[in-house]
Amino acid sequence: MIPHVIIVGADKGGVGKTFLSRVLLDYLRDRPGKVQNVKAFDTEAPGGILKRFFPQFAEVVDLTKSDGQMRVFDRLKPDQLTLLDIRASQLTPTLELLGEIGFLDNVKAGKLRITVLHVIGSTQASFDEIRAIAGLVEGARHSLVINHITDAEFLGLPVETRALPVINIGKLNDRAAELVDSAGVSFSDFVQDEGKSPVMRGFVRSWLKRVSAELDAAGLID
């Protein structure tokens with residue numbers, strides 16, 4: 001068993017990176033047989049959006065500083081899956097850091113597993129990012145994530161990027177998403193709260209099942 005780091009990010013903002021990290025943490029928590037230990041780092045310092053929903057194990061770090069980098073990468077353990085929710089504009093610098101400190105070489109040597117979940121939008125800026133990021137993740141697993149956080153139509157990927165694995169996260173009912181957000185709890189905790197609307201809990205429950213099926217098919221933690 002080797003440490004596994006999942007990096008959720010994009011250089012472009014507004015594509016739903018933290019939304020994806022939230023559902024990933026629910027997904028990972030529900031699979032104790034496959035994941036022994038989950039640690040999450042919220043790099044939206046100093047505030048921390050992810051930590052608001054997972055205060056029990058999400059830690060806020062400034063990954064642009066050496067102290068923050070040591071807090072994350074010096075503590076990796078063989079039985080641990082580490083999720084990094086990367087703030088906007090910091091995906092490229094984070095991957096460059098991993099190359100500089102030799103962690104991508106560790107991936108090639110079989111000492112470390114890194115999965116980059118690159119959240120994209122249907123814009124030329126996002127498409128340009130794909131080409132740039134692909135050149136920085138040699139040895140790591142690079143998957144594109146289409147996160148349907150709105151009703152906006154996704155126009156499709158450029159032909160040259162279609163060899164990359166793609167994970168589709170379907171849209172959650174708007175009102176349900178709003179209520180979970182205002183409650184400041186995880187999606188799973190919202191579903192289990194009998195004080196909440198049965199209708200809204202039903203929307204979230206069925207959406208979680210669809211997302212889990214998509215992540216299972218992607219072999220995220222196999």
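When reading the values below, keep in mind they use all heavy atoms of this one structure, side chains included, and skip hydrogens, waters and symmetry mates.
- Here NE2 of H142 is found 8.0 Å from CG of L95. Values are rounded to the nearest 0.5 Å.
- For CD of E178, the number of neighbouring non-hydrogen atoms (other residues, nucleotides, ligands) closer than 6.0 Å is greater than 12.
- Minimum heavy-atom separation, A140 to L104: CB-CD2, 4.4 Å.
- With rounding to the nearest 0.5 angstrom, the CG atom of N168 is 4.5 Å from the CD1 atom of I146.
- Looking at H4 and T115, their side chains do bring a donor and an acceptor atom within 3.5 Å of each other.
- Within the 4.5 Å cutoff, the side chain of I221 has heavy atoms near those of the Y27 side chain.
- Under the 4.5 Å side-chain criterion, counting only non-hydrogen atoms from C-beta, E59 is in contact with K39.
- The two residues H118 and I133 make their nearest non-hydrogen contact at CE1-CG1, 3.6 Å.
- V166 and V116 are assigned to two separate hydrophobic clusters, defined by single-linkage of ILVMFWY side chains at heavy-atom distances under 4.5 Å.
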Evaluation steps, salt bridge (charged side-chain N to carboxylate O under 4.0 Å, His left out), between D189 and K196: CA-CA 10 Å; D189 288 345; K196 305 298 184 187; over 6 Å; no

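- Proximity of V119 to V8: side-chain heavy atoms (C-beta onward) are separated by under 4.5 Å at one or more points.
- The main-chain N or O of S21 is never found under 3.5 Å from a side-chain atom of D85 such that the two would form a donor-acceptor pair.
- A cation-pi arrangement is absent between K51 and F54, since the terminal nitrogen or guanidinium carbon is not both under 6.0 Å from the aromatic centre and inside a 45° cone about the axis.
- Expressed to the nearest 0.5 Å, how far CG of L220 lies from CG of L28 amounts to 6.5 Å.
- Under a hydrophobic-cluster definition in which Ile, Leu, Val, Met, Phe, Trp and Tyr are linked whenever side-chain heavy atoms come within less than 4.5 Å, directly or via other members, F57 and L50 are assigned to the same cluster.
- Checked against a 6.0 Å centroid threshold, the rings of F190 and W207 do not count as neighbours.
- Put simply, I167 and V137 are part of two different groups of oily side chains (I, L, V, M, F, W, Y) that touch within less than 4.5 Å, one to the next.
- In E194, the CD atom is not crowded: 12 or fewer heavy atoms of neighbouring residues, nucleotides or ligands sit closer than 6.0 Å.
- A donor-acceptor contact shorter than 3.5 Å is absent between the side chain of R113 and the backbone of R141.
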From CA spacing to verdict: side-chain contact (heavy atoms from CB on, under 4.5 Å), L81, N37: CA-CA 6 Å; L81 188 151; N37 182 21; over 6 Å; no

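- A heavy-atom distance below 4.5 Å is not found between the side chains of I6 and T82.
- Between F73 and F103, the ring-plane angle classifies as perpendicular under the 30° and 60° cut-offs.
- When side chains are defined from C-beta on, D74 does not count as touching Q69, because their heavy atoms never get closer than 4.5 Å.
- If you take CE on M70 and CD1 on I101, they are separated by 11.0 Å, rounding to the nearest 0.5 Å.
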Stepwise side-chain contact (heavy atoms from CB on, under 4.5 Å) test for V180 and R22: CA-CA 11 Å; V180 177; R22 288 164 57 193; 3.5 Å; yes

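- Taken together through direct or relayed side-chain contacts under 4.5 Å among Ile, Leu, Val, Met, Phe, Trp and Tyr, L84 and L25 form parts of separate hydrophobic clusters.
- Closest heavy-atom contact between L76 and P3: CB-CB, 4.0 Å.
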Pair L24-L215, side-chain contact (heavy atoms from CB on, under 4.5 Å): steps then yes or no: CA-CA 9 Å; L24 278 172; L215 295 174; 3.8 Å; yes

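- Across V204 and A176, no two heavy atoms sit closer than the pair CG2-CB, 3.9 Å.
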Trace of the side-chain contact (heavy atoms from CB on, under 4.5 Å) decision for V107 with D105: CA-CA 5 Å; V107 172; D105 290 334; over 6 Å; no

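- In this structure a side-chain-to-backbone donor-acceptor pair under 3.5 Å is missing from Q90 to D11.
- The environment of F19 atom CZ is dense: over 12 non-hydrogen atoms of other residues, nucleotides or ligands sit within 6.0 angstrom.
- One hydrophobic cluster, built from ILVMFWY side chains closer than 4.5 Å, holds both V5 and L91.
- Contact of the S188 side chain with the L208 side chain is registered, since non-hydrogen atoms from C-beta on lie closer than 4.5 Å.
- In plain terms, the two heavy atoms of A88 and G13 that are nearest each other are CB-CA, 3.9 Å.
- Of the possible donor and acceptor atoms, one in the side chain of D42 sits under 3.5 Å from a partner among the backbone N and O of I49.
- Shortest non-hydrogen contact noted between R210 and K171 is NH2-O, 4.4 Å.
- The CG atom of L172 sits 10.0 Å away from atom CG of L179, with the distance rounded to the nearest 0.5 Å.
- In this structure, CG in D79 is found 12.5 Å from CD1 in I2, a value given to the nearest 0.5 Å.
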Residue pair K65, D62: steps toward the salt bridge (charged side-chain N to carboxylate O under 4.0 Å, His left out) verdict: CA-CA 6 Å; K65 307 295 184 184; D62 186 347; 5.0 Å; no

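- With contacts defined as side-chain heavy-atom distances shorter than 4.5 Å, the pair R71/L63 does not qualify.
- When side chains are defined from C-beta on, Q192 does not count as touching R201, because their heavy atoms never get closer than 4.5 Å.
- Defined by atom type and a distance below 3.5 Å, a donor-acceptor pair is present between the side-chain atoms of R29 and S186.
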